[in-house]
Amino acid sequence: MSEIITGAEALMRSLKEEGVKTIFGYPGGAIMPVYDTLYDYTQGEKKAFEHILVRHEQAATHAAQGYARVSGEVGVCLVTSGPGATNTLTGVADAMMDSTPIVVICGQVGVGALGTDAFQEVDLVGVAQPISKWSYQIRRPEDVAWAVSRAFYIARSGRPGPVVLDFPKNAQVQTTEWTPVVVNRVRSYRPYPKLDNGQVEKAAELINNAKRPLALVGQGVELGNAHSELLEFLEKADIPAGKTLLGLSALPSAHPLDIGMLGMQGSLAPNVKEQECDVMIAIGMRFSDRVTGDVTKYAKQAKIIHLDIDPSEINKNIKSDVAVIADCKQSLPAITRLLRKASHKEWIDSFKPLQQKEEQMVIEPAIHPTQGPLLMGEVVNAVAQAAPKNAVLVTDVGQNQMFASRYFQFTEKRSVVTSGGLGTMGFGLPAAMGACFATDRTVCFFTGDGGFQMTIQELGTIMEHRIPVKVILMNNNYLGNVRQWQDMFFDGRRSFTKMCNPCFELVCKGYDIPYSLVSERENLKEAIETMLAATGPYVMECVIKEDDDVKPMTPPGKGVDEMLLEF
């Protein structure tokens, strides 16, 4: 005899079937039947999930993103209809831009009330469709198991991304026969393109004949779990590699072939050498405008090989000579098998003068200043030196993001959580919470005073669960990145970037979170040690020089080799 259950119960069972362990959410009227059922699944013998009550729905999506980025699993959040649903959309768009697999489940008014402007009704599927991988409304309880399995399959397969499920109230409370469903294919959806051996051979031939090859390593290596395949490829062909912001932990920082971060505020050597290489191999990256600078000037001398799982990225921004469309865990070893063992010592040595120039002019003054106020670079460097080598870096958006990305060090995969494509201020604090639930590694979260206050209410979530995130608040009393651009490109007219900040010590005291203030250089080391030794959460506020600038930088509209080391 078949079992008859509600749609809400079917949702719980379906999530359990998908291996979900953690749900970030916020209850409300239109999702209340689900939350009532969830109660039984969070305690007692039936316990399957840990539910984390965030303080704002946007934070639920960012926490799910942080969880997904570090764990490699699908992040899950659960919210109500109307404003609860629309509050998640920033996180959905962010996850879409950064290829992060999350499933967002939102309550909705009953099907009979759709289109009547009922209380807290919004056309979520229509709104979410352009910024998600798939959005769907579950109108009947018998469709729950299928829709959830399909959602997880789409979110995690191929190029990952966010999926939004709209769940009307009637489908939550009505009943259906329970039958588990497993979706492992969708008509017309081909998440893993078939590898073209002809293109593999063309790529290998170009690389074998290259005198000055350069690899650009993106997050696709992390998403494809192709770290060992990347190492074998680079080492066999002796190819130096620059890394995108989201690909920073795809290759250990100390590896001799790692030549730094690509992009507008990345390292000098890879940006200059992009304009000198004869073969460029882009691996799981999308040629973002922040990487290429002026595309009309970008790598015109090079043959471009583009490895990507998503055909839509090929020739979208930069025209490729050879496109290998496949999962890089498959394409990299296929190319490596055809490569000759090579040495490019002279080419690799040519990076060193540029690295030394940046070291002398930018890095050393940034991380080892001898006088004046604290600098962001020295704070990041000091934390990186003291933190466990396998620590996870989480950043907010702005100068804190660029300094942290430049001066933190990585030894393990999936160690970088930051908002890349959308650049979402306020992303970092909830994302750091999610990262903490995904791992027992130390999570170091760098933020500025602006971004911190955008989701500062999540200190309540941290307080409740004693989430052990280490917050490094680099406070310069400015929206620092905008202020830097205003100084550089708007004649120093600092229009509305000065911040009037609260006493963060009192804020932390209100949330019962340990806090320290560092304003003097000689106190920094001890403060960091105290923070890292804390068993729970900790906020370390650092008083930063107001006009501390991120250097080097490629001005907008310029070629990548036109980076400014000083300004």
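All residue numbers refer to positions in the sequence shown, counting from 1.
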Per the side chain to side chain donor-acceptor pair (under 3.5 Å) rule, which among D549, D547, T497 passes with R483? D549
Which residue in the set M402, M285, Q219 passes side-chain contact (heavy atoms from CB on, under 4.5 Å) when paired with L245? M402
Nearest-0.5 Å distance that lies between atom CD in E458 and atom NE2 in H56: 8.5 Å
Counting C-beta onward and ignoring hydrogens, is there a side-chain heavy-atom pair between H368 and N381 closer than 4.5 Å? yes
When you measure from the side chain of S253 to the backbone N and O of Q409, does any donor-acceptor pair fall under 3.5 Å? no
If you draw a 6.0 Å radius around CD in E364, do more than 12 non-hydrogen atoms from other residues or ligands fall strictly inside? yes
Looking only at heavy atoms, the pair that brings I52 and T22 closest together is CG1-CG2, 4.0 Å
Using only atom types and a distance under 3.5 Å, with no angle test, would you say the side chain of T80 pairs donor to acceptor with the backbone of G107? no
V362 and R406: CA distance, side-chain angles, deciding distance, side chain to side chain contact (heavy atoms under 4.5 Å, CB included) verdict: CA-CA 11 Å; V362 175; R406 283 178 55 81; 3.8 Å; yes
Can you check whether G372's main-chain N or O pairs, donor with acceptor, with R521's side chain at less than 3.5 Å? yes
If you take all heavy atoms of G480 and Q399, which pair is closest and at what distance? CA-OE1, 3.2 Å
Give the C-alpha distance, both sets of side-chain angles, the deciding distance and a yes or no for side chain to side chain contact (heavy atoms under 4.5 Å, CB included) between M433 and V54. CA-CA 10 Å; M433 299 186 326; V54 296; 4.3 Å; yes
On the six-membered ring of Y478, is R494 placed so that its NZ or CZ lies under 6.0 angstrom from the centre and within 45° of the ring axis? yes
Rounded distance [0.5 Å steps], CE in M540 versus OG in S516: 6.5 Å
Any carboxylate oxygen within less than 4.0 angstrom of a Lys/Arg side-chain nitrogen, looking at K545 and E378? no
Below 30° counts as parallel, above 60° as perpendicular, anything between as tilted: where do the rings of F408 and F410 land? tilted
Rounded distance [0.5 Å steps], CG in L124 versus OG in S81: 9.5 Å
With a 4.0 Å cut-off on N to O distance, would you call E529 and K525 a salt bridge? yes
Are the charged groups of E313 and R159 less than 4.0 angstrom apart, N to O? yes
Take atom OH of Y39 as the centre, draw a 6.0 Å sphere, and report whether it contains more than 12 heavy atoms from other residues, nucleotides or ligands. no
I'd like to know whether CZ of F49 has more than 12 heavy-atom contacts from other residues, nucleotides or ligands below 6.0 angstrom. yes
Please tell me if the side chains of Y511 and P537 come closer than 4.5 Å, counting only heavy atoms from C-beta onward. no
Run the side chain to side chain contact (heavy atoms under 4.5 Å, CB included) test on E229 and C328 for me, step by step, so that the C-alpha distance in whole Å, both residues' side-chain angles and the decisive distance to 0.1 Å come before the verdict. CA-CA 8 Å; E229 290 82 359; C328 59; over 6 Å; no
Between SG on residue C503 and CD on residue E541, distance to nearest 0.5 Å: 8.0 Å
Side chains of R150 and Y136: does their closest heavy-atom pair fall under 4.5 Å? no
Can you confirm if the aromatic rings of H51 and Y35 lie within a centre distance of less than 6.0 Å? yes
Going by heavy atoms in the side chains, are M425 and L479 under 4.5 Å from each other? yes
Using side-chain heavy atoms (C-beta onward) and a distance below 4.5 Å, is T61 in contact with T90? no
Interatomic distance, CZ@F24 vs NE2@H62, rounded to 0.5 Å, equals 13.0 Å
Side chain of N317, backbone of R286: donor and acceptor closer than 3.5 Å? yes
Spatial distance of atom CG (D512) from atom CD (E464) [nearest 0.5 Å]: 13.0 Å
For a 4.5 angstrom cut-off between non-hydrogen side-chain atoms, does I528 reach Q385? no
Can you find a heavy atom in the side chain of D449 that is under 4.5 Å from one in the side chain of I544? no
More than 12 heavy atoms of other residues, nucleotides or ligands under 6.0 Å from NZ of K509: yes or no? no
Would you check if V76 and Y67 make a side-chain contact, meaning some heavy-atom pair closer than 4.5 Å? no
Salt bridge (charged side-chain N to carboxylate O under 4.0 Å, His left out) for E222 and K243? Distances and angles first, verdict last. CA-CA 12 Å; E222 298 260 48; K243 301 180 295 187; over 6 Å; no
